[in-house]
Amino acid sequence: MCRSIKTLRPPSIPEKATEEEIRAAALQYVRKVSGFRTPAAHNQEVFAAAVDAIADATRDLLEGLQVRGAAGAAAVATAGAAG
């Protein structure tokens with residue numbers, strides 16, 4: 001859909017997504033769906049509210065996902081670094 005939105009969960013990124021990464025993805029999504037890179041003054045409030053709502057939903061999604069093998073891979077990496 002939007003090539004500039006990247007996957008925000010491990011192992012696609014090494015650590016938990018930052019707030020900046022989540023907001024950037026939300027902004028790209030709203031821009032793509034609305035067709036506006038920068039909204040007109042009369043649309044700024046609804047545009048910003050949409051970015052906030054999508055960032056919140058994205059954060060909830062990422063916090064709720066359970067990635068198979070992710071805990072095991074992290075434990076192996078930690079053990080390897082400690083050894």
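Computed from heavy atoms alone, side chains included, the values below leave out hydrogens, waters and symmetry copies.
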Is any side-chain heavy atom of L27 closer than 4.5 Å to a side-chain heavy atom of R31? yes

Minimum heavy-atom separation for A26 to A55, with atom names? CB-N, 3.7 Å

Within the supplied structure, the quantity of interest is the number of heavy atoms (other residues, nucleotides, ligands) at a distance under 6.0 Å from E19 CD; does it exceed 12? yes

I'd like to know if the side chain of E21 reaches the main chain of T18, judged simply by a donor and an acceptor atom lying under 3.5 Å from each other, with no hydrogens or angles considered. yes

Is it possible for you to say whether V33 and V51 belong to one hydrophobic cluster, with membership spreading through side-chain heavy-atom contacts below 4.5 Å? yes

In Å and rounded to the nearest 0.5 Å, what is the OG1 to CZ distance from T58 to R9? 14.0 Å

Quick one: CZ on F47 to NE2 on H42, what's the gap to the nearest 0.5 Å? 12.5 Å

What's the spacing between L65 CG and L8 CG if we round to 0.5 Å? 10.5 Å

Heavy-atom pair with the smallest gap, counting every atom of A17 and L62: CB-CD1, 4.0 Å

Quick one: CD1 on I22 to CD1 on I54, what's the gap to the nearest 0.5 Å? 13.0 Å

Could you tell me whether a side-chain N or O of S34 sits under 3.5 Å from a main-chain N or O of F36, the two making a donor and an acceptor? yes

Can you measure from CZ (R59) to NZ (K16) and round to the nearest 0.5 angstrom? 9.5 Å

